[in-house]
Protein chains: 2
Amino acid sequence: MSETWQEELRSRGYRVTPQRQLVLEAVSVLEHGTPEEICTEVQRTAHGVNISTVYRTLELLEDLGLVKHTHLGHGPPTYHLATHADHVHLVCRGCGKVTDVSPRVADGLITVLRAEYGFETDVHHLTVYGECCENSPSVG
Amino acid sequence: MSETWQEELRSRGYRVTPQRQLVLEAVSVLEHGTPEEICTEVQRTAHGVNISTVYRTLELLEDLGLVKHTHLGHGPPTYHLATHADHVHLVCRGCGKVTDVSPRVADGLITVLRAEYGFETDVHHLTVYGECCENSPSVG
DNA sequence: ATGATTGCAAACAATTTGCACGGGA
DNA sequence: TCCCGTGCAAATTGTTTGCAATCAT
């Protein structure tokens, strides 16, 4: 981690542009954001970045390993910082809420899949669907 | 299981149509199929069912609990029979292969999430990304 | 100066919807 | 007969692409 991402970009022949900085910042602020939401967030701060630039930038940032994406449901993918990626997503079918939990909840799963199937789990991409407790009326 | 799905349909005020039978059959044959693939499969057998009917029918069949869907990646969702749903999907990032494994691999995960977060996991919807062993050159 | 990057608009892909006709109960 | 379900086409939504102008290096 001796290089900033800006230096990383330049060393690869890419350029550091305001749009790329803004998109990365928006991903950071939103924690979980779809391309559409990221575009809107950027527009709150600056003059605005075109949606197609958001798509192109997210692809680049993901390629650089700065951001990651997951599929949280039917809709568009959600992006988050790679440094913030160390968690598993719980998605409630009832209220739609997304909860981040420690990847350690999947330790058992990872072990079993590796032992029985030789399968290396990408825990950062793991999303678990179900129903959260707050979905019941007993909790405000 | 004292009722056929046809009776179930009728008792709910829905009608049993050839299209609905064909779509359900296609889901059964394909095991994992996107709406598009299901539509194509139906066309192999019969005169054809319109893609919008496929979407409407899948929604209905899922509502009745006859089929389920999962998101196996970027693209459209894949549908499978509910009776065939008792498994977890492993998706290999390398070769794209989808493997069905016993839901028991998630027993630990389910227990932890219930105990620590009061979260009821929908194991039938669970998809795990990673890399399968056959992705390595040591296996044919 | 040079060419990577952006904005815009049009192309694409996946899914949904409105409506008149046809077929199941 | 009644009206649910279908096909078709148009509308939406999400994403990609071509191209000229612009800006980082």
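The chains referred to below are lettered A, B, ... by the order of the sequence lines, with proteins before strands, and numbering in each begins at 1. Below, each value reflects all heavy atoms present in this structure, side chains not excepted, and no hydrogens, waters or symmetry copies.
Separating the CD atom of A/Q21 from the C1' atom of C/dT5 is a distance of 14 Å, rounded to the nearest angstrom. Atoms CZ (A/R12) and C1' (C/dT5) sit 17 Å apart, rounded to a whole Å. Regarding B/E36, its CD atom lies at a distance of 16 Å from the P atom of C/dC12, rounded to whole Å. Atom NE2 of B/H71 and atom P of C/dA14 are 15 Å apart (whole Å). As rounded to whole Å, 17 Å separates atom P of C/dG3 from atom OH of A/Y14. Per the geometry, OH belonging to B/Y79 stands 12 Å off C1' belonging to C/dA14, to the nearest Å. The distance between atom CD of B/E7 and atom C1' of C/dG24, rounded to the nearest whole Å, is 16 Å.
Remark: A/N50 is not in phosphate contact with C/dT6, judged by side-chain N or O atoms under 4.0 Å from OP1 or OP2.
Two residues, B/G13 and B/V49, neighbour DNA chain D, and the one matched to the more 5' nucleotide by heavy-atom proximity is B/G13. Closest-nucleotide positions on DNA chain C for B/S52 and A/H47 were compared, and the one nearer the 5' end corresponds to A/H47. Place A/T53 and B/E59 on DNA chain C by their nearest nucleotides, and A/T53 ends up nearer the 5' end.
Looking only at side-chain heavy atoms (C-beta outward), A/H125 and A/H71 come within less than 4.5 Å of each other.
Taking the centre of each ring, B/H69 and A/H74 come in below the 6.0 Å mark.
Closest approach to the A/R15 side chain among C/dG7, C/dA25, C/dG3 is made by C/dG3 (side chain taken as heavy atoms from C-beta onward).
For a distance-only test at 3.5 Å, the side chain of A/R56 qualifies as a donor-acceptor partner of the base of C/dG7.
Here A/E120 pairs with A/R114 in a salt bridge; the nearest charged N to carboxylate O distance falls below 4.0 Å. A salt bridge is defined here as a Lys NZ or Arg NE, NH1 or NH2 lying under 4.0 Å from an Asp or Glu carboxylate O, and B/E41 with B/R44 meets this definition.
Between the side chain of A/R20 and the backbone N or O of A/R15, at least one donor-acceptor pair lies under 3.5 Å. Judged by distance alone, with hydrogens and angles left aside, the side-chain atoms of B/E37 form a donor-acceptor pair with the main-chain N or O of B/T34 at under 3.5 Å.
Between B/H89 and B/H80, the two ring planes are tilted [angle within 30° to 60°].
You can see that DNA chain D meets the heavy atoms of chain B within a 4.0 Å-exclusive cut from D/dC3 to D/dC8, reading 5' to 3'.
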